[in-house]
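See below for the structure under consideration.
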Amino acid sequence: QCEEAAYEERRYPAGKWACVTKGEPMYEQSISMSFMKLMRYICKENSVGCYLGMTVPVLNEIRLTKEGTELEREVVTAYYLPGEFQQNPPLPVDPEIRIIERAPLRVITRVFYGMTTEETILREISLLWELLGSTDAVLRETYIVAAYENPSIPQRRNEIWFICRV
């Protein structure tokens, strides 16, 4: 029997992303509202007026408070634009959606399943810190939650990403 690796390191190329920033009282509200805006953009509310195609994962960039005990309210939800739209991204109709270019990214990542709530995210961050031990190789204040499946799937696959320093 092979045991699944506790975590892995991955590299992602630079690319263009459609992003929405929300700061609702609960993490789940922020990502839900942002994702609905992004879905409208993906489905038709864009300058080319057509379905752009879904890519995964959808990223939710979070920051911890200074004490490190809770999430800051503001969450950035990001959708990677499919290859054919990387050079010339369709413009969003919704002014809350912005297109950004992200630099290449190197992350330490660990899979987890189920709902993503502030509580589960804080637990996953803590677990990955335990596995990694003390290191200055990754950022301590900003993390990414990567979602690979529809939020309505009870045991959906997610990952917590620690961002490696350049």
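Note that the structure is predicted; figures quoted are calculated from it, not measured.
- The shortest non-hydrogen separation linking Tyr80 to Ala14 is OH-O, 4.4 Å.
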Step by step, would you call Ile31 with Val145 a side-chain contact (heavy atoms from CB on, under 4.5 Å)?
CA-CA 11 Å; Ile31 63 168; Val145 179; over 6 Å; no
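- Heavy atoms only, all atoms of each residue included: Val107 and Ile163 are closest at CG1-CA, 4.3 Å.
- Taken to the nearest 0.5 Å, the CD1 atom of Ile153 stands 12.0 Å off from the OH atom of Tyr113.
- For the pair Gln29/Lys22, no side-chain contact is recorded, criterion being any heavy-atom separation below 4.5 Å from C-beta on.
- Sorted by first and then second residue, the pairs that involve residues 62-85 and meet salt bridge (charged side-chain N to carboxylate O under 4.0 Å, His left out), not counting sequence neighbours, are Arg73-Glu118.
- At most 12 heavy atoms of other shown residues, nucleotides or ligands fall within 6.0 angstrom of atom CE in Met36.
- Closest non-hydrogen pair, Tyr79 versus Leu52, comes out as OH-CB, 3.6 Å.
- Around CD of Glu9, the count of heavy atoms belonging to other residues, nucleotides or ligands within 6.0 Å exceeds 12.
- For the atom pair CD1 of Ile108 and CD of Glu8, the computed distance is 9.5 Å after rounding to the nearest 0.5 Å.
- Note: Leu64 CG to Leu139 CG = 11.5 Å, rounded to the nearest 0.5 Å.
- A donor-acceptor pair under 3.5 Å is absent between the side-chain atoms of Asn158 and the main chain of Met115, judged by distance alone.
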Evaluate side-chain contact (heavy atoms from CB on, under 4.5 Å) for Phe112 paired with Leu127, printing each intermediate quantity in order.
CA-CA 11 Å; Phe112 68 100; Leu127 275 170; over 6 Å; no
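- With contacts defined as side-chain heavy-atom distances shorter than 4.5 Å, the pair Cys164/Val138 qualifies.
- In this structure, the side chains of Met33 and Val20 stay at 4.5 Å or more apart for every pair of heavy atoms.
- Below 30°, between 30° and 60°, or above 60°: for Trp129 and Phe162 the angle between ring planes is between 30° and 60°, a tilted geometry.
- Here the shortest heavy-atom pairing between Gly53 and Pro82 reads O-CG, 3.6 Å.
- Both Tyr12 and Trp17 are assigned to one and the same hydrophobic cluster, defined by single-linkage of ILVMFWY side chains at heavy-atom distances under 4.5 Å.
- Side chain of Asn60 to backbone of Thr77: no donor-acceptor contact under 3.5 angstrom is found.
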Check step by step if side-chain contact (heavy atoms from CB on, under 4.5 Å) holds for Arg98 and Thr21.
CA-CA 9 Å; Arg98 60 192 204 291; Thr21 302; 3.2 Å; yes
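- Within a 6.0 Å sphere centred on CZ of Arg165, other residues, nucleotides and ligands contribute more than 12 heavy atoms.
- A pairwise comparison of heavy atoms in Ile97 and Tyr41 identifies CD1-CB, 3.6 Å as the closest pair.
- Not a single donor-acceptor pair under 3.5 Å links the side chain of Tyr27 to the backbone N or O of Glu24.
- Under the side chain to side chain contact (heavy atoms under 4.5 Å, CB included) rule, Leu122 has a single partner from Leu71, Thr69, Ile62, which is Leu71.
- Side chain of Thr109 to main chain of Glu159: no donor-acceptor pair is present (N/O by atom type, distance under 3.5 Å, no hydrogens or angles).
- A donor-acceptor pair is defined here as one N or O able to donate and one able to accept, closer than 3.5 Å; such a pair exists between the side chain of Tyr51 and the backbone of Met54.
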Report the C-alpha separation of Tyr143 and Leu128 in whole Å, then their side-chain angles, then the decisive distance to 0.1 Å, and conclude whether the side-chain contact (heavy atoms from CB on, under 4.5 Å) test is met.
CA-CA 11 Å; Tyr143 300 90; Leu128 189 46; over 6 Å; no
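- Between the side chain of Glu45 and the backbone N or O of Pro92, no donor-acceptor pair lies under 3.5 Å.
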